[in-house]
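What follows is a single structure, written as structure tokens, with notes after it.
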Amino acid sequence: AIIISAGFKECGRTGAELEEQCLAEARLGKMRLLGPNCLGAMVPQLGFNATFAHGLAKPGHVAFLSHATNLVAADTNGFPDIFVRDLLEGRTVRLRLSPNGDEIDDLRLGIPAISGDGRFVTYSSVAPTLVTGDRNLVEDIFVHDRDPDGNGVFDEGNGTTERVSV
């Protein structure tokens, strides 16, 4: 079962009770439950779109922001992270956005956008640890290069990040 909605336990006791009811019904019916509070499920290769998105994702890569800690191993920062999902290979990676590979602690990451070839990911953030010397404490725009040597293979660890706003 897929529940495409918002307003469950994060909205208080009534929402938490509704969420528990959904879980109980799913268990009774021996169903897996996706949600609540999710976009839904999409498999572009099969033309399957059970989301509230207006169309299918194009084959390739998709960048997204998530609070989930179970998408990749060792996601322990307790803050939202930016992920890239390779829709063809079925692989998800979390972008290590700081120069030294540390997890960042910024609740205000902006929604990412990704280039058609999956190489560049843009986003905004106020975190001062994404690039060396960023001490302005205002929201900046960043570009993360997942293939700094430009050979078409995402094999350079986790890439490099550059601040493009001043």
Side-chain angles (χ1 to χ4, degrees), residues 1-11 14-97 103-104 106-125 141-162 164:
I2 300 173
I3 299 174
I4 303 172
S5 65
F8 283 86
K9 67 181 170 190
E10 76 281 359
C11 292
T14 302
E17 290 170 1
L18 184 57
E19 188 170 319
E20 282 302 317
Q21 289 174 1
C22 290
L23 289 170
E25 291 296 324
R27 286 185 194 110
L28 277 175
K30 296 184 178 166
M31 293 183 292
R32 291 182 181 230
L33 184 64
L34 176 61
N37 297 329
C38 73
L39 176 66
M42 182 183 295
V43 183
Q45 300 90 320
L46 301 177
F48 178 73
N49 183 5
T51 71
F52 55 82
H54 68 278
L56 282 170
K58 293 180 181 175
H61 300 87
V62 63
F64 61 96
L65 182 70
S66 178
H67 290 262
T69 58
N70 62 346
L71 298 176
V72 297
D75 185 357
T76 59
N77 63 353
F79 290 91
D81 293 295
I82 294 176
F83 297 87
V84 172
R85 174 86 175 161
D86 184 325
L87 298 173
L88 297 175
E89 294 184 19
R91 192 172 39 145
T92 301
V93 296
R94 178 177 60 148
L95 298 186
R96 295 276 186 176
L97 301 174
E103 294 183 298
I104 63 167
D106 183 6
L107 283 172
R108 296 166 290 181
L109 278 174
I111 302 298
I114 193 165
S115 61
D117 61 2
R119 178 176 175 181
F120 298 103
V121 178
T122 61
Y123 58 95
S124 64
S125 175
I141 305 298
F142 297 89
V143 175
H144 186 80
D145 185 351
R146 299 178 61 226
D147 183 24
D149 66 6
N151 69 352
V153 180
F154 303 126
D155 60 352
E156 291 83 37
N158 209 275
T160 60
T161 298
E162 177 183 356
V164 294

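All figures in this text were calculated on a predicted structure; none of them were measured in a lab. We count residues from 1, following the sequence as given.
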Show the nearest heavy-atom pair for residues [X] and [Y], with the distance to one decimal.
X	Y	value
Pro148	Arg119	O-NH2, 3.8 Å
Thr51	Ala41	CG2-O, 3.4 Å
Leu65	Pro80	CD1-CB, 4.0 Å
Ser66	Leu71	OG-CD1, 3.8 Å

[atom2] on [Y] to [atom1] on [X], rounded to 0.5 Å:
X	Y	atom1	atom2	result
Thr160	His144	OG1	NE2	6.5 Å
Glu19	Thr14	CD	OG1	13.0 Å
Asn49	His54	CG	NE2	10.0 Å
Ile82	Thr161	CD1	OG1	9.0 Å
Ile111	Thr122	CD1	OG1	11.0 Å
Leu87	Thr92	CG	OG1	8.5 Å

Asn77 vs Arg94 side-chain heavy atoms within contact, under 4.5 Å: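 Touching, per the 4.5 Å side-chain cut-off.
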
From CA spacing to verdict: side-chain contact (heavy atoms from CB on, under 4.5 Å), Leu109, Phe142: CA-CA 11 Å; Leu109 278 174; Phe142 297 89; over 6 Å; no

Parallel, tilted or perpendicular: ring planes of Phe154 versus His61, cut at 30 and 60 degrees: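 Taking His61 first and then Phe154, their aromatic rings stand perpendicular (interplane angle over 60°).
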
Step-by-step side-chain contact (heavy atoms from CB on, under 4.5 Å) determination, Val72 to Val93: CA-CA 7 Å; Val72 297; Val93 296; 5.6 Å; no

Pair Arg146-Val121, side-chain contact (heavy atoms from CB on, under 4.5 Å): steps then yes or no: CA-CA 8 Å; Arg146 299 178 61 226; Val121 178; 3.9 Å; yes

